[in-house]
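We use all heavy atoms of the structure for the numbers below, so side chains are in, but hydrogens, waters and symmetry mates are not. We number each residue from 1, following the sequence as shown. Computed from a predicted model, the values in this text were never measured in an experiment.
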Amino acid sequence: MFRPMSCPDLQAQAVEAILASTQWLTYGTSGATPGRWKDWHQEGRVFAVDWGEQTLYPAYLFDGRGNPIPEVAEILKVFEGYRPFRIASWFESTNSLLRGKRPREVLSSDPTAVIAAARAHVAGPVHG
């Protein structure tokens, strides 16, 4: 017999999928000091997810030197007011504007396309 999942069950599965799908960094794992990460977070250059007693930063936000990819700040401005897990979910979802790829997969190679996809997502469907 089919038993519909409750909302908390679906939310737990979504969170689990987001956390399992990418590499997450904690303070010190990229060579940056915690203070620097906090500054980047406050400046809107990165976002983080609080999980348990840890603050987790998705690795795709950083370049090969451990610095935030500059265009991430613009993407985060587009998503102003969104909760961190919602932003992480968007980065994790396939996107038709990115040829079916996930924004996190395209961010380092074509950040301008990811910005455009974020703007389109927030604007919603356009009819006409």
Is there a side-chain contact between Ile69 and Leu61 (heavy atoms, below 4.5 Å)?
-> no
Under the side-chain contact (heavy atoms from CB on, under 4.5 Å) rule, what do Leu19 and Phe85 come out as? Steps first, then yes or no, please.
-> CA-CA 9 Å; Leu19 292 175; Phe85 266 112; 4.2 Å; yes
Establish, from distance only, whether the side-chain atoms of Thr26 and Gln54 form a donor-acceptor pair under 3.5 Å.
-> no
Gap separating the OG1 atom of Thr22 from the CG atom of Leu56, nearest 0.5 angstrom | 11.0 Å
The reported gap from CD in Glu71 to NZ in Lys77 (rounded to nearest 0.5 angstrom) is 12.0 Å
Do Val114 and Pro103 have side-chain heavy atoms sitting under 4.5 Å apart?
-> yes
Compute the centroid of each ring, for Tyr57 and then for Trp24, and state whether the two points are separated by less than 6.0 Å.
-> no
Residues Glu74 and Arg119 bridged, charged N to O under 4.0 Å | yes
Taking the side chain as C-beta and beyond, is there a heavy-atom pair between Leu25 and Trp37 under 4.5 Å?
-> yes
List the steps, then state whether side-chain contact (heavy atoms from CB on, under 4.5 Å) holds for Trp51 with Val15.
-> CA-CA 10 Å; Trp51 188 248; Val15 168; 3.4 Å; yes
Just jot down the ring pair (Phe, Tyr, Trp, His ring centres under 6.0 Å) partners of Phe79, sequence neighbours excluded, or say none.
-> Tyr82, Trp90, His121
Are the aromatic ring centres of Trp40 and Phe47 under 6.0 angstrom apart?
-> no
Do Ser108 and Asp63 come close enough that some side-chain heavy atom pair is under 4.5 Å?
-> no
Does any N or O in the side chain of Ser93 come within less than 3.5 Å of the main-chain N or O of Ser89, such that one atom is a donor and the other an acceptor?
-> yes
So do the side chains of Asp39 and Glu43 get within less than 4.5 Å of each other, counting heavy atoms only?
-> yes
Asn95 versus Ala117, closest heavy-atom pair with distance | ND2-CB, 3.8 Å
Spacing of NZ belonging to Lys101 relative to CG belonging to Leu107, to within rounding of 0.5 Å | 13.0 Å
Inter-residue atom distance Arg36.CZ - Asn67.CG, 0.5 Å rounding | 5.0 Å
Nearest atoms (heavy-atom pairs only) where Ala48 meets Pro84 = O-CB, 3.1 Å
How long is the span from the NZ atom in Lys38 to the OG1 atom in Thr55, to the nearest 0.5 Å?
-> 7.5 Å
Can you name the side-chain hydrogen bond (donor to acceptor under 3.5 Å, both in side chains) partners of Glu105, sequence neighbours left out?
-> none
From Asp110 CG over to Arg99 CZ, what is the distance, rounded to the nearest 0.5 angstrom?
-> 9.0 Å
Okay, side chain of Arg102, backbone of Phe91: is any donor-acceptor separation there less than 3.5 Å?
-> no
ILVMFWY cluster, Leu97 and Val72 together (side-chain gap under 4.5 Å) | no
